[in-house]
Amino acid sequence: MGPLDGVRVIDLTRYMAGPYGTLLLAYLGAEVIKVEEPGTGDPMRQASLYFQDGLSGHFASGNASKKSLTLNLRHPEGRRIFLELVAKADLVLENFRPGIMAKLGLDFETLRAANPGIILASVSGFGQSGPWRHLPSFDLVAQAVGGGMSLTGEPGRPPVKMGVPIGDLAAGVFVALGAVSALYHRRMTGHGEWVDVAMMDVQLSLLNYLAHYFWASGKVPEPEGAGHPNIVPYQIFPTPTGYLAVAVYGDHFWAGFCRALELPELIDDSRFVSNDLRCLHREALIPILEERIASRPREAWLTRLGEEGIPAGAVYHVDEALTSPQARARQMVVEVKGPSGSPMKLLGSPIKFQNAEGEIAPPPTLGQHTERILRDLLGYGDEAVQSLRREGAI
């Protein structure tokens, strides 16, 4: 029983940003009914080179613990059924381009007429307002126009996107947060709300201190590779057994770091005694550290740095990260029964609770729950369901 147990979400999302938002709500215990187009469903069902138990890896990544209902929203009966669902729901989440919901006859005012307390949460590339509102966007575009891509990569090299789809996934986190906030506001006021999240806005928000650096200095931030413009050492170092991340974030770590590296002469070196001086003399310091760290295996340095309380970690490949003892201890990889009954691995919920942890169920097959939802939630009989199927409404 998760903390959102009893909350019903109608999920109109596709691709990645929206489905990740509703995935988080499902992990928090909400009942998430994914409404998909009959016959095809979410395009992510087929958009992958890799499949798990017949489900696309892309689809599986964002749709665990949901129910699938196929509904033709262009069919009058499909829209009518959708509004019946809205009347019994708390939240509708969609990620169409702005204006599409209105074209479907399902704008916020129409939803509110069916359920005065309904919350509509919309996530799109550029939001519901502004001169770019109608433009399409995907993760790559969001990373580009939000400024973050210009900061990613090595100095003097072309910009690169992040390896993880931060444009999509961060927007999903923010729309889930907005939706939960609107649920709380409704509990206090009784009023529904329309939550508007733009992928570009989220990327601008994630610029965080780098935007303030620019405003304070007038200097446009540039790529730093794995380093940091104002903290030294704060970067990746090669070792004979892999890369090592070290973050000496503050002068109180400096002496312990030098002891761990068995370079006590650096502790009181006048060039390095403060972070400001280390930044000033970066070109002198880093080669010393690189040579020293390259002399021993990564595991040896992790042991010594841990003993001195220095923030450090191995740069894991995906397989190493997923099988680390910490990931296992935190149940960040779970195994469920897939559609065929075979074991299927999913990522666990990143939000933990002491007493309200929900279970994770496999992603649904297309339309898996259509008849059950129509019968149990909306009260349709067998004959009515079959009639809707013949008409192409479901």
* Mark yes or no for whether Asp196, through its side chain, and Val123, through its backbone, hold a donor-acceptor pair below 3.5 Å. => no

* Just wondering, are more than 12 heavy atoms of other shown residues or ligands nearer than 6.0 Å to CD in Glu265? -> yes

* **Leu261 side, atom CG; Arg292 side, atom CZ - distance, nearest 0.5 Å** => 6.5 Å

* Asked: side chain to side chain contact (heavy atoms under 4.5 Å, CB included) between Asp269 and Val273: does it pass, once the steps are laid out?
  -> CA-CA 6 Å; Asp269 190 308; Val273 291; 5.6 Å; no

* For the pair Leu305 and Val246, evaluate side chain to side chain contact (heavy atoms under 4.5 Å, CB included) and give the outcome as yes or no after the intermediate values. => CA-CA 9 Å; Leu305 291 164; Val246 176; 4.2 Å; yes

* Indicate yes or no: does Arg186 engage Asp90 in a salt bridge with an N to O separation below 4.0 Å. => yes

* To do: Over all heavy atoms of both residues, which pair between Met149 and Val160 is shortest? Give the atoms and the distance, please.
  => CG-O, 3.3 Å

* Asked: Leu347: what forms a side chain to side chain contact (heavy atoms under 4.5 Å, CB included) with it, not counting sequence neighbours?
  -> Leu322

* Asked: Can you tell me if Arg278 uses its side chain to pair, donor with acceptor, with the backbone of Ile231 under 3.5 Å?
  -> no

* To do: Check whether any side-chain N or O of Glu224 sits under 3.5 Å from a backbone N or O of Asn230 as a donor-acceptor pair, and report yes or no.
  => no

* Asked: Are Asp11 and Thr13 linked by a side-chain donor-acceptor pair shorter than 3.5 Å?
  -> yes

* **Centroid-centroid distance, Phe237 to Tyr243, less than 6.0 Å** => no

* Structure fact -> Rounding to 0.5 Å, atoms OG1 (Thr303) and CD (Glu308) come to a distance of 12.5 Å

* Asked: Are Tyr209 and His228 close enough that their ring centers fall under 6.0 Å?
  -> yes

* Asked: Can you find a pair of side-chain heavy atoms, one from Ser205 and one from Phe174, that are under 4.5 Å apart?
  -> yes

* Glu222 and Leu151, any side-chain heavy atoms less than 4.5 Å apart -> no

* Out of Lys34, Gln368, Glu36, which residue meets the side-chain hydrogen bond (donor to acceptor under 3.5 Å, both in side chains) rule with Ser68? -> Glu36

* To do: Start with the C-alpha gap between Glu335 and Leu346, add the side-chain angles, then the distance that decides, and say whether side chain to side chain contact (heavy atoms under 4.5 Å, CB included) holds.
  => CA-CA 6 Å; Glu335 191 170 279; Leu346 297 170; over 6 Å; no

* Glu84 side chain to Tyr380 side chain, donor-acceptor N/O pair below 3.5 angstrom -> yes

* Side-chain ion pair, Glu31 and Arg8, N-O less than 4.0 Å -> yes

* To do: Tell me, yes or no, whether the heavy-atom count around Glu283 atom CD, taken from other residues, nucleotides or ligands under 6.0 Å, exceeds 12.
  => no

* Asked: Do Thr70 side-chain atoms and Glu37 backbone N/O form a donor-acceptor pair below 3.5 Å?
  -> no

* Partner of Phe82 under side-chain contact (heavy atoms from CB on, under 4.5 Å), chosen from Asn72, Leu69, Leu104, Val92 -> Val92

* To do: Given side chain to side chain contact (heavy atoms under 4.5 Å, CB included), test Leu91 with Ile10 step by step and report yes or no.
  => CA-CA 6 Å; Leu91 168 67; Ile10 309 301; over 6 Å; no

* Would Gln46 and Ser56 satisfy side chain to side chain donor-acceptor pair (under 3.5 Å), going step by step from the backbone distance to the final call? -> CA-CA 6 Å; Gln46 301 302 323; Ser56 154; over 6 Å; no

* About how many Å separate CG of Asn115 and OG1 of Thr110, when rounded to the nearest 0.5 Å? -> 13.0 Å

* Asked: With sequence neighbours excluded, what pairs up with Arg389 under the salt bridge (charged side-chain N to carboxylate O under 4.0 Å, His left out) test?
  -> Glu371

* Are the side chain of Arg271 and the backbone N or O of Ala284 linked by a donor-acceptor pair below 3.5 Å? -> no

* Can you tell me if CD on Glu320 sees more than 12 non-hydrogen neighbours from other groups inside 6.0 Å? -> yes

* How far does CD1 of Ile310 sit from SG of Cys258, to the nearest 0.5 angstrom? -> 9.0 Å

* Answer whether the closest heavy-atom distance between the side chains of Phe214 and Leu210 falls below 4.5 Å. => no

* For Gly167 against Gln203, the heavy-atom pair lying closest together -> CA-NE2, 3.4 Å

* Asked: More than 12 heavy atoms of other residues, nucleotides or ligands under 6.0 Å from CZ of Phe126: is that the case?
  -> yes

* Asked: Looking at side-chain heavy atoms only, is the closest gap between Ile373 and Leu85 below 4.5 Å?
  -> yes

* Ion pair Asp53/Lys337, N-O distance below 4.0 Å -> no

* Do Arg304 side-chain atoms and Arg259 backbone N/O form a donor-acceptor pair below 3.5 Å? -> yes

* For atom CZ of Arg375, is the number of surrounding heavy atoms from other residues, nucleotides or ligands below 6.0 Å larger than 12? -> yes

* **Validation row: Val232, Ile286 side chains within 4.5 angstrom (heavy atoms)** => yes

* **Main-chain N/O of Glu383 paired to Ser387 side chain as donor or acceptor, under 3.5 Å** => no

* Any side-chain donor-acceptor pair under 3.5 Å between Thr239 and Trp301? -> no

* To do: Evaluate ring-ring contact (aromatic ring centres under 6.0 Å, His included) for Tyr249 paired with Phe253, printing each intermediate quantity in order.
  => CA-CA 7 Å; Tyr249 203 127; Phe253 288 121; 8.5 Å; no

* **Exercise: identify the closest heavy-atom pair between Ala30 and Val9** => CB-CG2, 4.0 Å

* Student check: side-chain heavy atoms of Ile33 and Lys66 closer than 4.5 Å -> no

* **Arg80 atom CZ, over 12 foreign heavy atoms within 6.0 Å** => yes

* Asked: Checking Ser181 side chain against Leu177 main chain: does a donor-acceptor pair fall under 3.5 Å?
  -> yes

* Asked: Got more than 12 heavy atoms from elsewhere within 6.0 Å of OH, Tyr184?
  -> no

* **Spacing of Met199 atom CE and Ser124 atom OG [to the nearest 0.5 Å]** => 9.0 Å

* Exam field: side chain His75 to backbone Glu77, donor-acceptor pair closer than 3.5 Å -> yes

* To do: For the residue pair Tyr15 and Asp139, establish whether any side-chain heavy-atom pair is separated by less than 4.5 Å.
  => no

* Taking all heavy atoms of Tyr316 and all of Ala321, pick out the closest pair and write down the distance. => CB-N, 3.8 Å

* Evaluate the side-chain proximity of Met101 to Leu111: yes if any heavy-atom separation is below 4.5 Å, no if none is. => yes

* Asked: Atom CG in Asn208, atom CG in Leu206: separation rounded to 0.5 Å?
  -> 8.0 Å

* Are Arg296 and Glu262 within salt-bridge range, i.e. N to O under 4.0 Å? -> yes

* Asked: Around His317, counting heavy atoms of other residues, nucleotides and ligands shown, do more than 12 lie under 6.0 Å from its NE2?
  -> no

* Is it true that a side-chain atom of Glu94 and a backbone atom of Phe96 form a donor plus acceptor pair closer than 3.5 Å? -> yes

